Amino acid sequence: MNRKDFYNYEIDFKTNNFNSFPHDIVSENELKLVNEILERKKSLNGDVVILSHHYQSKWIADIGDFVGDSFELSAKISKIDAKKIIFAGVHFMAESADILSREDQTIYLPNTLAGCPMADMATIGELENVWSQLTEVLPNKKIVPITYMNSTAEIKSFCGEHNGAVCTSSNAESVLKWAYSVGDVVLFLPDKNLGRNTATKMGIPQSEQIIYDFNEALGGHSESDIQKAKIILWNGFCHVHTYFAPDMVKSLKESGKKVTLLVHPESNPDVIALADGVGSTKYITEYIEKSELDETIVVGTEINLVYRMAQKFPNKKIVPLRKSLCPNMYRINIPLIHKAIMEFPVDMEIHVPENIKENAKKALERMLEIAK
Ligand code: SF4
């Protein structure tokens, strides 16, 4: 199967054709480049490390020295000896790596245009504006800003400066518990879904969760609604995960198969409510590793992770809820990683300005401390 066929592939739940998930999508030329990348890495004798995010394709994961979610990969940085780190992920991840790296390390992002639309949904100007509205309406409350890892360095810096923290999908609950131990109300950004799914899991009632639309006066709420809120959610989302919808689960259930449905917490709450398990990519991969051979597992997250899991465990039935591809992760490819490791081009370097780094680092280190 070639790459085009792979990305055009659709699961047919009606025929229960779960076994036809594709298994090979690399071209001859890519294979040659993969071998050259591995040779080059060997010749550099430990001075370069490739970090690959779970949402990368199989071959990019295979050439990675470490594969993980954004939390696992950022926690690795300070323990890596290599001075050159090639980050096969998106821009905000490479920024976090730079913030947590040593002075003698350089982070390379093979395509600096590989951004994240959700991270771009919260800009520092908008956040400063919302913050001043909230501090005016809540003069006697301590607001703790918590940002999902999937945000720009500037947003992380704001959270560090205002005694907040970063979180990821694997530690959002621990970070929120910490936030309520030091403050009264959380401003959670940019992903409203991770925020509300975590808040609901923690028992915070819907009536105390509000979605703040920064385009509207007071986010579209009355002062008294804001005063009652326990969590104020930024109106951002990930299109890769909000693509999953309840009718897809319905068609899955109608297929008559006995399945376990696992979904990522960036999905909409109405899908989360129908799932058998909800968690980060770490949770999903660990669940699959431990699952029984005869269990059919349907996964609602980025397609490359599902594909790689299906490949890794050919005797298990691992199926995507639907094919949802992150087009930003897709911007990192084998030829660009090849260029990065052969030339270490200056224009692939990621440098977060020093004035942003200091407070962003505080917010990231607070998360690492809480999640220990
Ligand atoms: S999967 Fe969603 S949140 Fe993650 S990088 Fe892609 S667009 Fe951003």
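The shown structure was predicted, so the numbers you read here are calculated from the model rather than taken from an experiment. Ligands are counted one by one from 1 in listed order, and the atoms in each one are counted from 1 as well.
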If you count the atoms of ligand 1 from 1 in the order shown, which ones are under 4.0 Å from a heavy atom of [X]?
X: P117; value: 7 (S)
X: E266; value: 3 (S)
X: M118; value: 3 (S)
X: N328; value: 7 (S)

Metal site atom 6 (Fe) of ligand 1: N/O/S of C326 inside 2.8 Å: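 Under 2.8 Å: C326 contacts atom 6 (Fe) of ligand 1 through an N, O or S atom.
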
Please determine if [X] and [Y] form a salt bridge, counting it only when a charged side-chain N lies under 4.0 Å from a carboxylate O.
X: D184; Y: K230; value: no
X: K32; Y: E36; value: yes
X: R366; Y: E369; value: no
X: K316; Y: E292; value: no
X: D294; Y: K317; value: no
X: D225; Y: K228; value: yes

Measure the distance from atom 4 (Fe) of ligand 1 to every protein heavy atom, then report the residue, atom name and distance (to 0.1 Å) of the closest one.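 Protein heavy atom with the smallest distance to atom 4 (Fe) of ligand 1: N150 ND2, 4.0 Å.
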
Tell me: protein heavy atom nearest atom 2 (Fe) of ligand 1, and distance?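 Ranking protein heavy atoms by distance from atom 2 (Fe) of ligand 1, first comes C238 SG, 2.3 Å.
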
Where's the contact between E302 and ligand 1, heavy-atom distance under 4.0 Å: side chain, backbone, both or neither?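 It is neither; nothing of E302 touches ligand 1.
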
With under 30° as parallel and over 60° as perpendicular, where do the rings of H162 and F158 fit, or are they tilted in between?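 Rings of H162 and F158: parallel, as their planes differ by under 30°.
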
Quick check: does C116 put an N/O/S atom under 2.8 Å from atom 8 (Fe) of ligand 1?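 Coordinating: yes.
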
